[in-house]
Protein chains: 2
Amino acid sequence: MSKPRGPYAKTSAKRQQIIDAALAAYAEAGSRNVSLRDIAQRVGMTYAGVMHHFGSKEALLTAVLEARDAVAEERFGPEPGTTELLSSAVLRHNASTPGLVKLFVDLVAAAAEPDHPAHDFFEQRYERFRGRLAERIERSVADPAEVDAAWLARIFIAAADGIQLQWLLDPDIDMAADIERLGGLLVGPHWAAGSVGSAGSAGEGPTPDAPEGARPASS
Amino acid sequence: MSKPRGPYAKTSAKRQQIIDAALAAYAEAGSRNVSLRDIAQRVGMTYAGVMHHFGSKEALLTAVLEARDAVAEERFGPEPGTTELLSSAVLRHNASTPGLVKLFVDLVAAAAEPDHPAHDFFEQRYERFRGRLAERIERSVADPAEVDAAWLARIFIAAADGIQLQWLLDPDIDMAADIERLGGLLVGPHWAAGSVGSAGSAGEGPTPDAPEGARPASS
DNA sequence: GTCTATATTAAGATAGAC
DNA sequence: GTCTATCTTAATATAGAC
């Protein structure tokens with residue numbers, strides 16, 4: 001997956017370089033006003049050169065989001081479920097990169113079309129995150145039989161996505177605090193016991209280092 | 001506001017005709033593959049003719065969403081706050097028009113950009129809906145001092161928006177049931193006492209006629 | 001005042017030279 | 001693997017007919 005040996009090493013490096021440039025472009029400019037020509041210029045290439053590596057703009061943007069996921073996966077390790085509970089820390093980090101949040105919303109909206117290149121990616125991504133979160137919820141409550149973990153997972157991810165939508169229009173909204181509070185209310189004090197401060201508190205806990213690309217289902 | 005007398009009557013009619021055509025186009029095709037030329041063709045006009053009436057594509061699309069809001073406002077009457085409680089009925093209706101849901105998500109994502117033509121529209125729309133919902137929540141609970149109505153409004157609208165995002169990718173999700181259940185859990189049995197069945201139940205209540213364009217903050 | 005016709009600009013996609 | 005050149009489509013602006 002990382003650093004392939006062989007004739008593709010150079011290509012892979014270029015790809016990563018382009019992805020980084022795209023990431024930077026969206027972080028700075030927001031998703032409007034970002035063309036493939038802009039991105040190409042950042043890496044000292046032409047538009048056609050970028051197209052050669054990704055085939056289409058949508059493929060490149062999907063690769064950008066995949067790259068963020070990969071980074072998150074690496075940081076949190078293989079233990080399933082725990083990453084999702086960090087969502088308030090993630091939202092806190094996302095608040096510093098509105099361009100990337102916008103990229104996510106833009107792409108997921110476009111990917112709703114069944115024949116969109118990124119459709120399968122997002123479908124599987126949501127499925128995966130819902131499954132993991134549900135599993136983690138079941139293990140964190142006293143009596144798993146009393147909660148509908150699948151429903152809770154859907155709702156929680158929905159709230160996280162939706163609050164980012166509102167935040168994009170009104171940056172004064174404290175996304176992380178709102179979601180943390182919801183977690184405390186929905187699954188009780190066990191929520192986020194792993195690393196974030198106690199639920200219900202709206203203060204900004206320590207949360208050592210919010211990883212670059214970790215989030216439950218929203219960018 | 002409606003049916004102006006004078007020289008603009010014909011223009012106004014044309015505008016409405018175009019809006020209806022755009023609505024139909026999005027309902028059928030989804031938001032990709034819909035160009036202003038498609039819409040123009042539906043009303044027997046050229047692209048430039050449509051442009052004359054709206055000035056830009058974004059202005060037209062905003063007008064479409066405004067028109068839906070206007071219809072909802074008319075149906076529900078002036079009583080503030082009650083409309084929002086119908087959201088599960090609205091979501092049930094929205095489930096039949098994925099193209100329009102996609103239009104909403106597409107536009108709101110684009111409108112996150114501060115200089116986007118529809119930015120102010122969405123900003124005010126969310127502000128308005130949050131205010132109304134918060135007010136209604138305060139009146140529906142036993143002790144208003146014990147709930148943070150503003151937070152509940154943000155979270156509830158966020159969940160409604162977010163669940164539609166998931167539904168676009170997985171139509172098997174029962175948006176209305178999920179949100180109804182959340183309402184019952186967050187603000188208790190008083191929730192949706194107006195017209196929808198008792199909260200917490202995932203069944204599909206009667207909800208006589210879901211109006212064309214009513215929804216709290218999502219399309 | 002309302003619309004058609006046309007031109008310009010920009011972006012994504014493709015073909016083929018090197 | 002990278003680039004030049006070209007094609008297609010969409011958005012925008014303008015001129016002028018009725």
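Naming convention: chains lettered A, B, ... in sequence-line order (proteins, then strands); numbering from 1 in each chain.
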Side-chain donor/acceptor pairs under 3.5 Å, residues 55-64 of chain B, sequence neighbours excluded:
residue, atom, partner, partner atom, Å
B:Ser56, OG, B:Ala59, N, 3.1
B:Lys57, NZ, B:Val34, O, 3.4
B:Glu58, OE2, A:Arg32, NH1, 2.8
B:Glu58, OE2, B:His116, NE2, 3.1
B:Thr62, OG1, B:Glu58, O, 2.8

Report the residues that fulfil salt bridge (Lys or Arg N to Asp or Glu O under 4.0 Å) with A:Asp148, sequence neighbours left out, ordered by chain and then residue number. B:Arg181

Protein within reach of the bases, or only the backbone? For nucleotides 5-18 of chain C, mark each nucleotide 5' to 3' as B, S or -, using heavy atoms under 4.0 Å. B-----BBB-----

Atom NE2 of B:His53 and atom C1' of D:dA11: how far apart are they, to the nearest Å? 18 Å

Contacts of type salt bridge (Lys or Arg N to Asp or Glu O under 4.0 Å), residue B:Glu113, not counting sequence neighbours: A:Lys102

Taking side chain to side chain donor-acceptor pair (under 3.5 Å) as the test, write out the residues that go with B:Arg130, two or more places apart. A:Gln166, B:Glu127

Which residues satisfy the side chain to side chain donor-acceptor pair (under 3.5 Å) test with B:Asp20, sequence neighbours excluded? B:Gln16

Of all residues at least two apart in sequence or in a different chain, which pass the salt bridge (Lys or Arg N to Asp or Glu O under 4.0 Å) check with A:Arg37? none

For A:Gln17, all residues meeting side-chain contact (heavy atoms from CB on, under 4.5 Å), sequence neighbours excluded: A:Lys14, A:Val43

The helix from C:dG1-D:dC18 to C:dC18-D:dG1: angle between end helix axes, five pairs per end, rounded to 10 degrees: 10°

B:Arg15 atom CZ is separated from C:dG1 atom P, nearest whole Å, by 16 Å

Show the numbers, then the answer: is there a side-chain contact (heavy atoms from CB on, under 4.5 Å) between B:Met51 and B:Leu36? CA-CA 8 Å; B:Met51 284 297 289; B:Leu36 286 198; 3.7 Å; yes

Starting from P on C:dT2, measure out to CZ on B:Phe54 and report it in whole angstrom. 13 Å

Please tell me if B:His52 has a side-chain N or O lying less than 4.0 Å from either OP1 or OP2 of C:dT4. no

